[in-house]
2 protein chains.
Amino acid sequence: MKDQDAVIALGAIAQEDRLAAFRLLMTRGPDGLPSGAIAERLEIQPTRMSFHLAALERAGLVTTRRDGRHILYSVDYERMRNLLTFLMEDCCGNNPDVCCLPANRPTNPSIADRT
Amino acid sequence: MKDQDAVIALGAIAQEDRLAAFRLLMTRGPDGLPSGAIAERLEIQPTRMSFHLAALERAGLVTTRRDGRHILYSVDYERMRNLLTFLMEDCCGNNPDVCCLPANRPTNPSIADRT
DNA sequence: TTCATAATTCGATAATACAGGAAATATTGT
DNA sequence: ACAATATTTCCTGTATTATCGAATTATGAA
C-alpha cells in the first residue's frame with residue numbers, strides 16, 4: 001500500500017459517523033448492510049450516510065453491490081488488512097524492541113507459519 | 001480507547017506530511033528526533049513541520065521532551081498499540097471468520113498468554 | 001549581555017470537508 | 001405507466017484545516 005492510499009483510507013475512518021458505520025459493517029461480515037439500515041441504526045440522516053459511505057468506498061475500505069432496491073455495503077477486509085499491515089511496517093520491522101502490535105502478540109513474523 | 005480519541009488519532013496520521021513524520025519517528029524508537037531534523041529529512045518547511053508535529057502531539061501519538069535547544073519528538077508506542085487494538089476490536093472479536101489481522105496471525109486472543 | 005540556533009506562535013489567505021434540504025436516479029410492485 | 005421505496009447527487013452556507021511569512025520564545029555559546 002502506498003502512502004497516499006493510506007492517507008485516504010485513514011482519512012475515511014477519521015470521522016465520527018464514518019468510523020461508526022465502518023465498525024458496524026465490520027461486525028456484519030461479507031453480507032453487509034444497506035445504507036438506510038446503517039443510517040437508522042446510527043441515527044444519521046440518509047443523505048449524510050450516503051455521503052459518508054461514498055467516502056469509505058472511494059477509500060476502498062468498503063465495497064457495494066445492489067440487491068433489489070437496496071445497495072449493500074460491506075467491508076473489504078483485505079483492504080483493511082493491508083492498511084493495518086502498512087501501519088505496523090515501520091514499527092516492528094525496524095524496531096523489534098518497541099513494538100506497537102496489539103495484545104502483546106509475538107513480533108516474529110514466523111508466527112504466521114504456525115497452524 | 002473511545003471513538004472520539006480514535007477519530008483524532010486517525011485524523012492525525014491521515015495527512016501526507018504527518019504520516020511521513022510519524023513513520024519516520026517509528027523507526028527511531030524512544031530516542032526520537034528533533035523537529036528540524038524531521039523537516040530536513042522530509043523536505044518540509046520548519047514552520048509546517050512544527051504545525052503538523054503539534055497535531056500528532058495533540059492526538060497523543062507522539063510525546064516531546066527538550067534536550068538543550070532541541071525538542072525531541074518520539075512515538076508513544078502504547079498509544080499506537082491502543083489505536084491498532086481499537087481498529088481490530090470489531091473485526092476478529094465478532095467475526096473470527098473474516099479477520100482483518102495482518103499476516104494471518106492467529107485470531108485467538110489466548111495467543112497473548114503464550115511465552 | 002549579545003549573538004546565533006531551534007522551534008513555535010500568530011495573522012491572513014486558500015483549500016477542503018461537513019451539514020441540510022431539494023431534486024434526481026434506480027428498482028420493485030400494482 | 002404509475003406510485004412507492006432506497007439511495008444518491010446537487011446546491012448553498014458554514015466550519016475546519018493547510019500554507020506561508022513574519023514575529024516570538026527558549027536555549028546555548030562567545
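Within every chain, numbering begins at 1; the chains are lettered A, B, ... in the order of the sequence lines, protein sequences first and strands thereafter.
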**OP:** Evaluate side-chain contact (heavy atoms from CB on, under 4.5 Å) for A:Leu84 paired with B:Leu84, printing each intermediate quantity in order.
**Re:** CA-CA 8 Å; A:Leu84 292 169; B:Leu84 292 169; 3.9 Å; yes
Can you list, in residue-number order, the parts of [range] that come under 4.0 Å of DNA chain D, counting heavy atoms only?
| range | result |
| --- | --- |
| residues 45-65 of chain A | A:Pro46, A:Thr47, A:Ser50 |
| residues 2-13 of chain B | none |
| residues 34-42 of chain A | A:Pro34, A:Ser35, A:Gly36 |

To the nearest 0.5 Å, how far apart are [atom1] in [X] and [atom2] in [Y]?
| X | Y | atom1 | atom2 | answer |
| --- | --- | --- | --- | --- |
| B:Leu83 | B:Met80 | CG | CE | 6.0 Å |
| A:Asp3 | A:Ile8 | CG | CD1 | 11.5 Å |
| B:Cys91 | A:Tyr77 | SG | OH | 6.0 Å |
| B:Asn82 | B:Met1 | CG | CE | 5.5 Å |

Original post:
Checking B:Arg79 side chain against B:Val62 main chain: does a donor-acceptor pair fall under 3.5 Å?
Top reply: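 Such a contact is absent between B:Arg79 side chain and B:Val62 backbone.
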Using side-chain heavy atoms (C-beta onward) and a distance below 4.5 Å, is [X] in contact with [Y]?
| X | Y | result |
| --- | --- | --- |
| B:Ile38 | B:Arg41 | no |
| B:Leu87 | B:Leu10 | yes |
| B:Asp17 | B:Leu42 | no |
| B:Ser74 | B:Thr63 | yes |

Subject >> Outermost nucleotides of DNA chain D that come under 4.0 Å of a non-hydrogen atom of chain B >> reply: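 Contact span on the strand: D:dA18 to D:dG28.
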Scan the side chains in residues 24-36 of chain B for donor-acceptor partners under 3.5 Å anywhere in the protein, sequence neighbours excluded, and list what turns up.
{"residue": "B:Thr27", "atom": "OG1", "partner": "B:Leu24", "partner atom": "O", "Å": "2.7"}

Subject >> Of A:Asp67 and B:Arg66, the one whose closest DNA chain C nucleotide lies more 5' >> reply: B:Arg66
Original post:
Which pair of non-hydrogen atoms, one from B:Leu19 and one from A:Phe86, has the smallest distance, and what is that distance?
Top reply: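 B:Leu19 and A:Phe86 have their closest heavy atoms at CD2-CE2, 3.9 Å.
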Just the atom pairs and distances: protein N or O near nucleotides 3-5 of chain C's N or O, under 3.5 Å.
{"residue": "C:dT5", "atom": "O4'", "partner": "B:Arg69", "partner atom": "NH1", "Å": "2.9"}

Original post:
By side-chain contact (heavy atoms from CB on, under 4.5 Å), which residues pair with A:Glu16, not counting sequence neighbours?
Top reply: B:Gln4
Would you give me the side-chain donor-acceptor pairs under 3.5 Å for residues 43-61 of chain A, sequence neighbours excluded?
{"residue": "A:His52", "atom": "ND1", "partner": "A:Arg18", "partner atom": "NH1", "Å": "3.1"}
{"residue": "A:Glu57", "atom": "OE2", "partner": "A:Thr64", "partner atom": "OG1", "Å": "3.2"}

Original post:
Can you name the residues that form a side chain to side chain donor-acceptor pair (under 3.5 Å) with A:Arg23, not counting sequence neighbours?
Top reply: B:Glu89, B:Asp90
Original post:
What is the distance from NE2 of B:His70 to C1' of C:dT8, rounded to the nearest Å?
Top reply: 15 Å
